[in-house]
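Hydrogens, waters and symmetry mates are skipped; everything else that's a heavy atom, side chains included, is used. Remember, predicted model here, so these are calculated numbers, not experimental data. Just so it is clear: chains get the letters A, B, ... in the order the sequence lines come, proteins before strands, and each one is counted from 1.
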Amino acid sequence: MSVTIKLPDASKRDYEKPVSCAEIAEDISPSLARAAIAASVDGKMVDLAAEISDGTHELRLLTSRDAEALEVLRHSAAHVLAQAVVRRFGRDVQYTIGPALMDDYQYGFYYDFDLPRPLGHEDLETIEAQMRKIVAEKIPIERIGLPVAQAKARFAELGQDYKIEMIDDLVRDEAVEAVSLYRQGDFLDMCRGPHLPDTGRLGKAFKLLTTAGAYWRGDENNKMLTRVYGIAFFDGKDLKEHLDRVEEAKKRDHRVLGKQLGLFMLSDEVGPGLPLWLPKGSILRMELEGWLRDELLKRGYQSVITPHIGKIHLWKTSGHYPYYEHGLFPTMKTGDDDESGYLLKPMNCPFHIQIYKSSQRSYRELPVRLSEFGTVYRFEQSGELSGLTRVRGFTQDDAHIFCTPQQLEAEIESCVALTKLCLETLEMNDYRVRIGLRDPDDAKYVGSGENWDRAEQNIRNVVRKVGLDYTEEVGEAAFYGPKIDFVVKDCIGRDWQLGTIQVDYNLPERFSLEYIGADNSPHRPVMIHRAPLGSPERFIGILIEHFAGAFPLWLAPVQVAVLTVSDKFNDYAEKIRDDLRAAGIRTDLDNSPEKIGAKIRKATMAKVPYMAVIGAREQEASTAAVRARREGDLGAMAVGQFVDALKREIETKGKHTLLNKGG
RNA sequence: GCUGCUGUAGCUCAGUGGUAGAGCGCGUCCUUGGUAAGGACGAGGUCAUGGGUUCGACCCCCAUCAGCAGCCCCA
């Protein structure tokens with residue numbers, strides 16, 4: 001028997017007998033042996049202690065420089081956490097699962113426990129202290145392969161019912177006969193690994209962050225466990241950087257900035273999830289919606305306006321009612337039967353469908369594109385509400401396109417282009433595209449399989465044609481059809497769906513929609529439900545975070561702050577303000593008895609794009625000393641010149657600015 | 001909805017079983033100052049709401065409401 005090891009530098013090593021990865025590392029260099037965390041053999045991650053026997057194998061020794069090694073570190077951190085919790089609670093704790101998190105913005109690992117009592121802040125400190133002790137003890141982490149029956153017996157001795165359940169599932173789903181366990185001193189867990197060679201290698205750069213509830217197996221019908229979240233790195237510097245970055249990101253939280261900048265408010269008196277737009281926030285909406293309205297007109301959309309409530313049967317016909325009753329505000333009853341009530345609308349489509357049906361449609365009219373900024377109401381679970389991104393009353397930049405099957409893909413394509421235009425105009429380039437498909441096993445999806453297959457194929461054809469990078473996700477479709485979603489992350493890494501394009505063969509059937517074709521006989525149109533922003537509420541919430549409240553000039557609630565050096569120049573400053581306002585520039589005057597430095601600071605913190613400083617020199621020369629939010633003093637300009645430059649920057653949405661002149 | 005944490009002035013927060021404080025903001029006055037904080041004085045709070053324990057509750061207990069984190073959900 002002989003073993004040949006191929007290393008990443010293409011060198012080879014031969015051994016006469018089975019050899020562990022750790023031994024090979026030692027042979028190469030003692031420093032590598034010390035730095036090694038785990039290994040990759042033929043592309044598979046293993047422990048350093050893993051033995052390689054017979055044959056030729058490719059080996060990579062993983063150190064803290066390898067991305068995979070961080071995952072091992074965090075996974076072991078989860079085990080150390082579990083060991084600490086077991087030491088604290090003994091047989092009263094059941095430990096379940098504890099993975100590493102590599103893509104999460106805040107957290108690096110967690111472990112879910114079934115505990116006799118809730119954990120508080122002090123508990124986290126105690127547990128973290130115990131973890132540091134376990135690290136100091138440098139307990140070896142050993143892998144043990146055991147037949148299923150023996151493994152179950154061991155966990156039965158330890159009173160770990162969840163582990164037994166997990167083993168049973170592995171036997172059922174994967175027909176395993178043996179499982180791998182990891183032991184570190186007094187702690188035993190079932191795990192695929194790999195892990196650090198000993199607990200000492202976890203080091204000091206870890207921290208427990210928070211506790212939260214989490215359902216066992218993610219099912220709300222199961223018991224809620226206690227999840228402990230933490231973060232771990234190889235280097236204390238990385239840990240600090242991470243914590244600082246999360247802290248910094250929280251400063252751009254739209255809920256914080258919305259309050260600071262006076263954009264919107266939520267009131268206990270009004271109700272949860274029902275935002276009130278303050279004057280400055282209303283500007284954002286008016287500018288954004290106004291711009292989009294113009295773009296829609298250019299693209300042949302027609303504007304419609306529909307009411308906020310309608311008869312309940314509309315949503316019974318559409319299919320919303322039976323599946324989403326829990327998400328609706330309670331029905332307004334007008335009689336004793338179930339049919340005669342009104343519903344606060346959860347979506348606009350039944351109304352737009354009625355408008356489509358209001359006259360006989362010829363194929364010559366199609367596509368009919370009916371658009372509306374329609375406000376809808378959904379009774380979201382209280383635990384879901386969050387600032388502007390998840391609310392109970394929100395507007396959709398909605399439209400429904402009714403077209404022939406032949407026109408469908410071109411229409412989808414133009415919706416994709418419009419959505420991209422929205423994101424690009426606002427410099428939001430950090431998004432992903434998700435295609436939501438139905439889950440054939442889920443009963444909530446209406447309509448025939450053929451309709452779904454057709455619609456899914458239409459969508460794939462378009463995204464391939466326009467070359468979008470996308471992922472397909474089963475179970476993410478709307479109940480009536482598949483969709484293309486544009487998904488962005490908020491300041492703490494949570495995903496939010498913004499723009500959406502949904503293909504629907506089903507509602508036209510349910511509402512018996514028709515058009516008269518060239519053959520003089522009725523045909524069924526296809527519908528597209530689409531919202532390029534998704535919802536102005538959510539979109540602006542994300543937008544606030546994207547710009548950290550420092551909006552481009554065309555959106556800025558206050559575009560220019562006129563600041564007087566002393567009140568001797570109030571009259572001239574008022575004239576400048578009035579001139580700017582007359583030119584359509586949103587301008588505020590600060591003639592308070594403060595020094596100019598304080599006024600500049602105040603306007604800067606309010607994130608006003610431009611300031612016009614007015615003193616004796618400016619008054620004499622009929623100029624304004626212009627200052628930009630970020631760049632500082634730009635020197636004096638004639639007022640007319642300033643206005644022209646501002647207008648140009650506004651009209652070009654920032655492509656030509658006072659600074660770059662546009663090129 | 002579930003689990004946990006939190007709720008004190010407009011905002012951010014400190015605080016104590018014996019009826020409350022800071023900074024910012026706000027108001028008045030002084031200062032008339034040239035590119036990120038001039039000074040003085042002052043007004044502002046049923047300590048989320050409702051019960052309970054106590055001689056006495058902002059503080060302890062319970063409930064409700066709301067916020068935050070996570071889970072589940074999301075047309």
Side-chain angles (χ1 to χ4, degrees), chain A residues 104 106-107 110 112 115 117-121 123-124 209-229 250 253 255-256 259-260 262 265-273 315 318-321 323-324 326-328 345-350 376 378-387 390 396 398 436 444 446 475-481 483 492 494 496-497 500 502 504 507 529 531 563-570 592-605 611-618 625-629 632-635:
Chain A
D104 195 276
Q106 297 186 73
Y107 306 128
Y110 67 81
D112 284 350
L115 287 168
R117 64 169 180 83
L119 297 180
H121 296 135
D123 291 307
L124 276 192
L209 296 171
T210 189
T211 59
Y215 299 108
W216 167 237
R217 296 185 176 289
D219 185 335
E220 63 177 327
N221 299 311
N222 288 339
K223 183 164 183 184
M224 180 157 278
L225 308 172
T226 302
R227 175 170 296 180
V228 179
Y229 280 99
K250 283 179 180 165
D253 187 320
R255 293 165 296 188
V256 174
K259 204 176 268 179
Q260 266 172 23
M265 62 180 278
L266 291 156
S267 155
D268 285 6
E269 304 294 316
V270 174
W315 287 278
S318 70
H320 290 101
Y321 194 82
Y323 293 120
Y324 298 108
H326 65 275
L328 304 173
K345 69 174 170 183
M347 51 183 5
N348 303 302
C349 34
V376 298
R378 301 176 183 174
F379 197 78
E380 305 285 0
Q381 293 184 5
S382 60
E384 284 315 322
L385 302 174
S386 179
R390 190 81 180 261
Q396 294 178 316
D398 210 356
K444 79 172 182 181
V446 301
E476 286 293 329
F479 78 92
Y480 45 73
K483 55 181 184 163
I492 51 174
R494 289 182 289 207
W496 297 102
Q497 174 200 311
T500 184
Q502 311 174 348
D504 180 7
L507 294 193
H529 310 239
L563 313 177
T564 50
V565 170
S566 94
D567 58 14
K568 282 183 280 197
F569 314 109
N570 281 357
S592 65
E594 283 297 336
K595 289 193 175 180
I596 189 66
K599 293 185 190 184
I600 287 170
R601 180 167 190 270
K602 197 173 164 196
T604 307
M605 294 204 304
M611 287 159 246
V613 176
I614 303 302
R617 296 198 291 269
E618 290 72 24
V626 177
R627 188 186 161 93
R629 179 169 51 194
D633 194 355
L634 303 181

Look at A/D253 together with A/R255 and state whether they make a salt bridge at an N to O cut-off of under 4.0 Å. yes
Partner of [N] by Watson-Crick or G-U wobble geometry, both contacts under 3.5 Å, or none?
| N | answer |
| --- | --- |
| B/U19 | none |
| B/G33 | none |
| B/C41 | B/G27 |
| B/C58 | none |
| B/U3 | B/A69 |
| B/A9 | none |
| B/C74 | none |
| B/U46 | none |

Spacing between [X] atom [atom1] and [N] atom [atom2], to the nearest angstrom:
| X | N | atom1 | atom2 | result |
| --- | --- | --- | --- | --- |
| A/E380 | B/A75 | CD | C1' | 9 Å |
| A/N222 | B/U3 | CG | C1' | 14 Å |
| A/K483 | B/A75 | NZ | C1' | 8 Å |
| A/M347 | B/C74 | CE | P | 13 Å |
| A/E220 | B/C74 | CD | C1' | 12 Å |
| A/N221 | B/U3 | CG | P | 14 Å |

Rounding to the closest angstrom, what is the interatomic distance between [N] and [M] at atom [atom1]?
| N | M | atom1 | result |
| --- | --- | --- | --- |
| B/G7 | B/A48 | C1' | 6 Å |
| B/C65 | B/U49 | P | 16 Å |
| B/G51 | B/C58 | P | 13 Å |
| B/U32 | B/G39 | P | 15 Å |
| B/C13 | B/U64 | C1' | 26 Å |
| B/U53 | B/U16 | P | 26 Å |
| B/G4 | B/A63 | P | 11 Å |

[atom1] of [X] to [atom2] of [Y]: how many Å apart, nearest 0.5 Å?
| X | Y | atom1 | atom2 | result |
| --- | --- | --- | --- | --- |
| A/N348 | A/D398 | CG | CG | 4.5 Å |
| A/D567 | A/E594 | CG | CD | 12.0 Å |
| A/M347 | A/W315 | CE | CH2 | 10.0 Å |
| A/R390 | A/R378 | CZ | CZ | 9.5 Å |

Per nearest nucleotide of RNA chain B, the residue lying toward the 5' end, A/L328 or A/Q260, is A/Q260
Mind running side-chain contact (heavy atoms from CB on, under 4.5 Å) on A/M611 and A/T604 for me, showing each step along the way? CA-CA 9 Å; A/M611 287 159 246; A/T604 307; 3.5 Å; yes
So A/V376 and A/Q396, side-chain contact (heavy atoms from CB on, under 4.5 Å) or not? Walk me through it. CA-CA 7 Å; A/V376 298; A/Q396 294 178 316; 3.9 Å; yes
Considering every strand and a 4.0 Å limit on heavy-atom distances, what is the contact class for A/K250: base, sugar-phosphate, or nothing? nothing
Tell me the closest heavy-atom pair linking A/W216 and A/N222, and the distance in Å. O-ND2, 2.8 Å
Heavy-atom pair with the smallest gap, counting every atom of A/S386 and A/R494: OG-NH2, 4.0 Å
Mind running side-chain contact (heavy atoms from CB on, under 4.5 Å) on A/H529 and A/L507 for me, showing each step along the way? CA-CA 11 Å; A/H529 310 239; A/L507 294 193; 3.8 Å; yes
In B/S/- notation, 5' to 3', how is nucleotides 65-71 of chain B contacted by protein heavy atoms closer than 4.0 Å? -SSSSBB
How does protein contact run along nucleotides 33-48 of chain B, one letter per nucleotide 5' to 3', with B for base contact, S for sugar-phosphate only, - for none, heavy atoms under 4.0 Å? BBBBBB----------
Go through the steps to decide whether A/T210 and A/Q106 satisfy the test side-chain contact (heavy atoms from CB on, under 4.5 Å), and finish with yes or no. CA-CA 11 Å; A/T210 189; A/Q106 297 186 73; over 6 Å; no
Side-chain N or O of A/K223 less than 4.0 angstrom from OP1 or OP2 on B/U3? no
Test for a donor-acceptor pair under 3.5 Å between the base of B/C73 and the side chain of A/R390, counting only N and O atoms. yes
In terms of base orientation, is B/G17 syn or anti, with the syn window spanning 90° either side of 0? anti
